[in-house]
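Taking it in order: structure first as structure tokens, then the write-up.
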Protein chains: 2
Amino acid sequence: MGRVSVERHRREVEALVGAALTARGSERVALADALDRVLAVDLVAPVDLPGFRSSQMDGYAVRAADVAGAASASPVVLPVVAEIPAGPGVPAVLAARTAARIMTGAVVPEGSDAVVPVEDTDAARFGGRSTSAARGTLGNQVGVLVPRAVGEFVRDVGTDVRAGDLVLPAGTLLGPQHLAAAASCGVPGLDVLAPVRVAVVSTGTEVVEPKQVAATGQVYDANLTGLSAAARRAGAVVTLAERTGDDPAELSAVLERAAAEADLVLTSGGVSQGAYEVVKDTLGEGVTFRSVAMQPGGPQGFGTVHGTPVLTFPGNPVSAQVSFVVFARDVLERAAGRPPRDEEDRRTVEVIDSPPGKRQMLRGRTGPDGSVRVVGGAGSHLVATMASADVLVEVPEGVGHLEAGEQVRVVRL
Amino acid sequence: MGRVSVERHRREVEALVGAALTARGSERVALADALDRVLAVDLVAPVDLPGFRSSQMDGYAVRAADVAGAASASPVVLPVVAEIPAGPGVPAVLAARTAARIMTGAVVPEGSDAVVPVEDTDAARFGGRSTSAARGTLGNQVGVLVPRAVGEFVRDVGTDVRAGDLVLPAGTLLGPQHLAAAASCGVPGLDVLAPVRVAVVSTGTEVVEPKQVAATGQVYDANLTGLSAAARRAGAVVTLAERTGDDPAELSAVLERAAAEADLVLTSGGVSQGAYEVVKDTLGEGVTFRSVAMQPGGPQGFGTVHGTPVLTFPGNPVSAQVSFVVFARDVLERAAGRPPRDEEDRRTVEVIDSPPGKRQMLRGRTGPDGSVRVVGGAGSHLVATMASADVLVEVPEGVGHLEAGEQVRVVRL
């Protein structure tokens with residue numbers, strides 16, 4: 001059990017877990033359920049959009065040639081022979097030297113090749129609203145004050161997309177604009193990747209559920225809550241979340257169900273150097289236990305249980321959360337279609353000392369000026385204190401001392 | 001109906017909506033359901049953490065004074081008189097000149113004031129694992145190779161938090177580290193703000209559900225899908241999502257239910273200058289309709305319906321989405337405890353021309369080098385094209401022309 005670097009452990013974990021997550025299937029969901037899911041296959045437009053010539057404005061459908069000489073001083077006066085609201089139905093062909101009152105989104109009649117907005121006519125003084133026998137309404141006349149070129153204010157067929165065009169590539173993390181695009185194509189549902197299913201198993205006889213009263217020697221379990229929330233934040237669903245004692249038979253039974261119900265199993269506790277290390281004792285074959293040059297979170301294991309990838313994190317709650325962020329989060333977020341996180345460097349406001357040979361992952365809080373200060377100490381039991389942190393502060397393996405004002409890499413929580 | 005600035009409309013909308021959302025109540029949820037919710041009241045630690053003196057390492061509980069002279073060359077040899085696993089129970093008092101084998105997290109016995117890690121003893125060669133009658137196990141001896149000061153590797157009571165300390169301030173957007181902290185304090189549930197409830201009503205006789213077959217003159221509705229998804233992305237829950245035609249009585253009935261079931265009502269369509277503007281015709285009193293100097297998304301309305309704030313967006317799907325981002329998103333995200341978005345400026349890769357006097361909100365896509373290009377044109381019907389955008393590109397009111405390479409403000413979608 002030699003000590004390996006953070007990079008090597010991460011690389012090996014990501015290779016193992018990434019391969020398993022890539023192989024998962026897809027499912028069809030309604031648009032209303034597709035937000036934040038990842039599109040599994042390209043969405044190609046089944047229809048042209050717009051599907052018919054439509055008016056871009058409230059105004060008058062005309063023949064452009066008829067109004068070529070229009071001006072404020074000498075309006076072209078046309079009879080209003082039709083009124084075309086938005087909605088289904090095919091209007092009659094527009095005859096030369098006539099106009100049809102038309103609403104935004106309505107079908108532009110055959111024969112018409114331009115729309116004159118209402119504000120470019122002498123009907124504008126009525127605000128375009130229906131009044132009996134008013135200028136510009138059906139059966140009356142309208143004066144066109146501005147010439148319009150062929151095609152003006154007409155949305156032509158297929159100018160948004162053509163049937164067969166790619167609308168959404170596979171891998172798209174579906175946001176409002178993507179779902180609106182699918183809806184506009186008449187697509188009621190999408191094939192999305194099955195969510196990554198994560199099982200969380202928290203071990204330890206000393207660990208009790210937060211709702212029980214803790215006796216001396218017992219601690220409230222923060223890992224089931226913390227790791228489940230972290231997995232969900234990374235886009236996964238948690239299909240099993242159970243707490244076990246230090247009995248290998250009990251843990252074995254839970255792990256068998258966990259492996260069956262999840263794409264990735266996370267455990268906490270039972271992996272260090274003590275006499276009672278239930279995870280180590282239970283997950284002998286198929287899992288590599290090692291010491292990673294990181295603090296907190298040194299004792300790590302990775303492998304498979306009943307064919308499902310498993311990561312075994314240490315039981316101290318700060319160690320478990322740091323382990324998740326460093327080793328599991330990126331691969332889960334990638335599988336969930338999330339964009340990679342930007343690397344961030346910040347100025348420290350204080351001197352930081354760090355043990356040599358290990359990557360120290362301190363908890364930090366960024367200030368309004370963008371600098372970062374360490375909250376709490378290095379202790380992996382400072383879980384309540386960690387609540388005031390918004391970043392992990394990374395002190396590299398080779399660095400034992402940082403002056404105030406030096407740059408450090410931070411990882412957002 | 002004068003034209004008002006984007007800033008003024010936004011300010012007035014946010015004042016109206018913000019006040020209504022601030023007044024909403026709270027509810028108690030289990031930790032497992034509290035992710036991404038907003039804490040309604042301060043969480044104060046009900047107990048000390050740690051609640052008992054516990055060992056920070058696998059090793060040996062000793063009296064520091066007994067091992068003060070320890071060295072590799074001259075170990076202090078002590079009998080191992082007890083073995084203390086993690087878990088409930090109070091160990092016997094440790095007598096002077098004895099050691100107790102102790103696991104990480106176990107109760108440090110009275111009488112002991114330091115823990116010697118196993119690697120600082122001659123039991124280290126056994127890896128600390130149980131072997132019969134081995135060095136360092138119960139009933140045998142252990143040689144301590146390194147002196148340890150009083151308190152070393154002992155986690156003292158209350159060093160994480162003291163009972164009564166503030167753990168999580170009201171207003172915290174609950175993430176994994178906050179929920180883990182609450183769990184570690186033995187708190188099984190939290191009081192969180194009730195989610196903001198949004199109702200979405202999409203109007204227009206031309207608008208049909210994406211699963212129907214569209215006739216000429218009909219368009220698939222993108223707004224129910226797009227606005228619902230946008231509201232959910234902003235942290236709200238959508239309690240009503242309905243489509244209505246152009247019948248004021250039908251719309252009135254839907255709005256009455258929407259107002260009863262939501263904290264904010266969003267409508268699309270029926271607000272411009274045409275003859276049939278169902279939202280304008282229905283929501284006469286209590287709603288101000290106006291033209292905002294923005295393109296797309298000029299025709300806007302805001303006010304209350306049956307006492308609930310309502311925002312009326314135009315019906316073109318691009319206009320509706322832009323309206324949501326510009327006028328509704330920030331106030332909803334703030335109510336959901338989200339941090340404010342950073343303002344971003346990007347270089348354009350092309351010349352942009354814009355009509356004077358209006359703020360143009362173009363759809364843009366950021367490239368790998370951070371520059372932005374406009375996708376599609378200005379048309380508010382280009383909803384499928386909008387799917388390839390990741391930002392809105394803001395061309396200010398006073399700017400009619402931008403050269404390639406100039407800086408523009410962008411708003412993330």
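All values derive from a computational prediction rather than experimental measurement. Note: hydrogens, waters and symmetry copies are ignored here, and every other heavy atom, side chains too, is used. Chain A is the first sequence line, chain B the second, and so forth, proteins listed ahead of strands; every chain is numbered from 1.
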Exercise for review: State whether A:Asp36 and B:Arg233 are salt-bridged, where the test is any N-O pair (Lys NZ or Arg NE/NH1/NH2 against Asp/Glu carboxylate O) under 4.0 Å.
Suggested key: yes

Practice item. Pick one of side chain, backbone, both or neither for A:Val90, based on which atoms fall under 4.5 Å of a heavy atom in chain B. Key: side chain

Practice item. Any salt bridge (charged side-chain N to carboxylate O under 4.0 Å, His left out) involving residues 215-225 of chain B? Give me the pairs, sequence neighbours left out, ordered by first then second residue. Key: B:Asp221-B:Arg243

Point to revise | Residue, of A:Arg155, A:Glu209, A:Glu119, that accumulates the most heavy atom pairs under 4.5 Å with chain B | key: A:Arg155

Practice item. Of all the heavy-atom pairs spanning B:Pro299 and B:Val271, show the shortest one and how long it is. Key: CB-O, 3.6 Å

Practice item. Quick one: which of B:Gly245, B:Gly89, B:Ser388 has the most heavy-atom pairs under 4.5 Å with chain A, could you say? Key: B:Gly89

Practice item. Considering only heavy atoms and a distance below 4.5 Å, find which of B:Met57, B:Arg232, B:Met386 pairs most often with chain A. Key: B:Arg232

Exercise for review: Indicate yes or no for a side-chain donor-acceptor contact from A:Asp160 to the backbone of B:Thr385 under 3.5 Å, with no hydrogens or angles considered.
Suggested key: yes

Check your understanding: Would A:Val278 and A:Asp247 satisfy side chain to side chain contact (heavy atoms under 4.5 Å, CB included), going step by step from the backbone distance to the final call?
Key -> CA-CA 7 Å; A:Val278 66; A:Asp247 173 15; 6.0 Å; no

Check your understanding: What distance do B:Leu224 atom CG and A:Leu179 atom CG have between them, rounded to the nearest 0.5 Å?
Key -> 12.0 Å

Point to revise | Interchain contact, A:Thr172 with chain B, by part (heavy-atom threshold 4.5 Å) | key: neither

Practice item. Go through A:Leu43 and A:Leu190 one step at a time and tell me if the side chain to side chain contact (heavy atoms under 4.5 Å, CB included) criterion holds. Key: CA-CA 8 Å; A:Leu43 175 68; A:Leu190 292 169; 4.1 Å; yes

Point to revise | Taking every non-hydrogen atom, the tightest pair across A:Asn223 and A:Pro317 | key: OD1-CA, 3.2 Å

Check your understanding: Between A:Ala106 and chain B, which part of the residue has a heavy atom less than 4.5 Å away: side chain, backbone, both or neither?
Key -> neither

Point to revise | Structural part of A:Leu168 lying under 4.5 Å from a heavy atom of chain B | key: side chain

**Study point:** B:Tyr60 side chain vs B:Gly136 backbone, donor-acceptor pair below 3.5 Å
**Key:** yes

Check your understanding: Who among B:Pro88, B:Gly226, B:Pro188 has the most heavy-atom pairs with chain A under 4.5 Å?
Key -> B:Pro88

Exercise for review: Could you check which of A:Ala182, A:Gly105, A:Ala230, A:Ala45 has the highest count of heavy-atom pairs closer than 4.5 Å to chain B?
Suggested key: A:Ala230

Practice item. Answer with side chain, backbone, both or neither: which region of A:Leu174 has an atom nearer than 4.5 Å to a non-hydrogen atom of chain B? Key: backbone

Practice item. Could you tell me which non-hydrogen atom of A:Thr159 sits nearest to which non-hydrogen atom of B:Leu382, and how far apart they are? Key: O-CD2, 3.7 Å

Check your understanding: Most heavy-atom pairs under 4.5 angstrom with chain B, which of A:His381, A:His178, A:Glu206, A:Gln321?
Key -> A:His381

Practice item. Using atom types as modelled and distance alone, determine if a side-chain donor or acceptor of A:Thr104 lies under 3.5 Å from a backbone N or O of A:Asp58. Key: yes

Check your understanding: Listed by residue number, which members of residues 48-56 of chain B have a heavy atom under 4.5 Å from any heavy atom of chain A?
Key -> B:Leu49, B:Pro50, B:Phe52

Exercise for review: Report the option among B:Thr225, B:Val107, B:Val383 that has the most heavy-atom pairs separated by less than 4.5 Å from atoms of chain A.
Suggested key: B:Val383

Review point. Which residue out of B:Gly59, B:Ala181, B:Ala183, B:Pro169 racks up the most heavy-atom pairs below 4.5 Å with chain A?
Key: B:Ala183

Study note, to complete from the structure: Under 4.5 Å to a heavy atom of chain B? For A:Ala389 that would be backbone

Solution key, residues 210-219 of chain B side-chain donor-acceptor pairs under 3.5 Å, sequence neighbours excluded:
{"from": "B:Gln218", "atom 1": "OE1", "to": "B:Ala215", "atom 2": "N", "distance (Å)": "2.9"}

Review point. With sequence neighbours excluded, what pairs up with B:Thr205 under the side-chain hydrogen bond (donor to acceptor under 3.5 Å, both in side chains) test?
Key: B:Asp246

Check your understanding: Under 3.5 Å, side chain of B:Ser184 to main-chain N/O of A:Ala222, donor-acceptor pair present?
Key -> no

Revision key, fill the gap. Honestly, the part of B:Asp165 sitting under 4.5 Å from a heavy atom of chain A is neither

Point to revise | Closest-packed option against chain A by number of heavy-atom pairs under 4.5 Å, given B:Gly376, B:Ser228, B:Cys185 | key: B:Cys185

